[in-house]
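Along the sequence shown, residues are numbered consecutively beginning with 1. Every number for a ligand or one of its atoms is a count from 1 in the order of the listing.
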Amino acid sequence: MSASRRYHITTFGCQMNKADSERMAGILEAMGFQWSEDPNQAELILYNTCTIRDNAEQKVYSYLGRQAKRKHEQPDLTLIVAGCVAQQEGEKLLRRVPELDLVMGPQHANRLQDLLEQVLAGNQVVATEAIHILEDITKPRRDSKITAWVNVIYGCNERCTYCVVPNVRGVEQSRTPEAIRAEMEELGRQGYSEVTLLGQNIDAYGRDLPGTTPTGRHLHTLTDLLYAVHDVPGIDRLRFATSHPRYFTERLIRACQELPKVCEHFHIPFQSGDNDILKAMARGYTQEKYRRIIETIRYYMPDAAISADAIVGFPGETEAQFQNTLKLVEDIGFDQLNTAAYSPRPGTPAALWHNQLPEEVKADRLQRLNHLVSQTAAERSQRYLGRIEEVLVEEQNPKNPAQVMGRTRTNRLTFSPVRLNSSEDSWCRFVLQKYEPLA
Ligand code: SAH
Ligand code: SF4
Ligand code: F3S
């Protein structure tokens, strides 16, 4: 293959997609492709797509339309749709955008070279069948030199009634602790300081791996994994996401307190503060259980930051049920909350229900929730004022080159007028003097 071909990847969606894009970029570079910042200068364009809500899906089509047009003038342009829209739509995408060369689901990310070779041999390829995900031997092209994502479990076996993820990401597949540790050791050697372990439902880690303890517990759990990778040389901070309240155990919380590298930040989506809505969502916990988890975390780690996701306007949600979500948000005091209006998704049970709410009601609730969130997040930020915090500097502030940007252990984004001269400058201690509410 010619070494002068340039590629561009646009990534939508969650950290899982970002991690997949870094692996696919690594594969392309190993094949001799070079990164092009400008998609219009690239001969290969890959969209790594998200379909969690309708607006995420529609965004992809507008991007695709533009590049499909370009292909008419430049027939050797290779157009690829990867990720969750690719998995959801499969062959239908080829009918909608016949200019596409390759449609590949998330489970096929590590197979990009294989699939591309079929494309370069003149085939239009759709790869969406469920497969056992193989270990990737190529080095990812990571965006950061300081912090890295490491997948520990792919897929999700939950069946939340609103969610497309199990359809598009397939069943849970855990990587072995040995593979995870080996990847982290390599990161440590390369100079990375922070690792975020990734999974859609990371508490499910190890359920599909063989072996049980004498008491009948799975041999490999997230808690065991944290102990198993905690001493990897060079890696000073460990994070993990996303946690499901149903499986968040006190054993895990105690491990987080005991293990000094595990950062005091927990991303635990609650989705709704109302028990009937939680039941209709099939989340498998109550709001009381959620509150107990947060209380337990704060008992062991009083300064821990808590972030979450919430959905408003789920089918049938009454004003009173929505108020229960507001109440939970007010009581807990989240450091950050990702909020969304419910969006009916193809192939999910809730999309077929007849009690859908009007868009205006959803938009109004979203706005009210967001307003509350910005207040509570600002209150939470007050606690940092005047404190000296350990910050791992990640890069220059893209909006102000005189500043560096980094995070506290609690994942608070901070900015400071410090210059970086070498990678050893990554660790700083800042006095936090000003705060701005998190977006
Ligand atoms: N595995 C994670 C979340 C994955 S999806 C969990 O169990 O919490 C990320 C977030 O998108 C979800 O937490 C949810 O808040 C939101 N989301 C998922 N499906 C949605 C839908 N149909 N409409 C609106 N928001 C949705
Ligand atoms: Fe979706 Fe539920 Fe799985 Fe999260 S746990 S990815 S919300 S099905
Ligand atoms: Fe989107 Fe797929 Fe992630 S649908 S949120 S990119 S798992």
Engineer: Which distance, rounded to the nearest 0.5 Å, do you find between the CZ of R175 and the CG of L209?
Structural biologist: 11.5 Å
Engineer: Numbering the atoms of ligand 2 from 1, which are under 4.0 Å from a heavy atom of Y162?
Structural biologist: 7 (S)
Engineer: Using a distance-only test with no angle check, is there a side-chain donor-acceptor pair under 3.5 angstrom linking R368 and H371?
Structural biologist: no
Engineer: What I want to find out is whether R345 reaches E57 closely enough, with some N-O distance under 4.0 Å, to be called a salt bridge.
Structural biologist: yes
Engineer: Can you give me a line-by-line list of nitrogen or oxygen pairs between ligand 1 and the protein shorter than 3.5 Å?
Structural biologist:
{"from": "ligand 1", "atom 1": "1 (N)", "to": "Q200", "atom 2": "O", "distance (Å)": "2.7"}
{"from": "ligand 1", "atom 1": "1 (N)", "to": "Q200", "atom 2": "OE1", "distance (Å)": "3.0"}
{"from": "ligand 1", "atom 1": "7 (O)", "to": "R283", "atom 2": "NH1", "distance (Å)": "3.1"}
{"from": "ligand 1", "atom 1": "8 (O)", "to": "Q271", "atom 2": "NE2", "distance (Å)": "3.2"}
{"from": "ligand 1", "atom 1": "13 (O)", "to": "Q271", "atom 2": "NE2", "distance (Å)": "2.7"}
{"from": "ligand 1", "atom 1": "13 (O)", "to": "D309", "atom 2": "OD2", "distance (Å)": "2.6"}
{"from": "ligand 1", "atom 1": "15 (O)", "to": "Q271", "atom 2": "OE1", "distance (Å)": "2.7"}
{"from": "ligand 1", "atom 1": "22 (N)", "to": "Y162", "atom 2": "O", "distance (Å)": "3.0"}
{"from": "ligand 1", "atom 1": "22 (N)", "to": "S343", "atom 2": "O", "distance (Å)": "2.8"}
{"from": "ligand 1", "atom 1": "23 (N)", "to": "S343", "atom 2": "N", "distance (Å)": "3.0"}
{"from": "ligand 1", "atom 1": "25 (N)", "to": "R53", "atom 2": "NH1", "distance (Å)": "3.2"}

Engineer: Hey, what do you get for CZ (F33) to CG (L28), rounding to the nearest 0.5 Å?
Structural biologist: 6.0 Å
Engineer: If you leave out waters, which protein N, O or S atoms are less than 2.8 Å from atom 3 (Fe) of ligand 2?
Structural biologist: C156 SG
Engineer: Listing request: all salt bridge (charged side-chain N to carboxylate O under 4.0 Å, His left out) pairs with a residue in residues 259-282, at least two apart in sequence or in separate chains.
Structural biologist: E264-R409
Engineer: How far is atom 2 (Fe) of ligand 3 from its nearest protein heavy atom, and which residue and atom name does that atom have?
Structural biologist: C84 SG, 2.2 Å
Engineer: Quiz question: by atom type and distance under 3.5 Å, do the side chains of H244 and T242 form a donor-acceptor pair?
Structural biologist: no
Engineer: Just checking Y192 against W149, ring centres under 6.0 Å apart?
Structural biologist: no
Engineer: State whether a side-chain donor-acceptor pair under 3.5 Å links R70 with Q67.
Structural biologist: yes
Engineer: The criterion is salt bridge (Lys or Arg N to Asp or Glu O under 4.0 Å); which residues satisfy it with K59, sequence neighbours excluded?
Structural biologist: none
Engineer: Under 3.5 Å, is there a donor-acceptor pair linking the side chains of S193 and R237?
Structural biologist: no
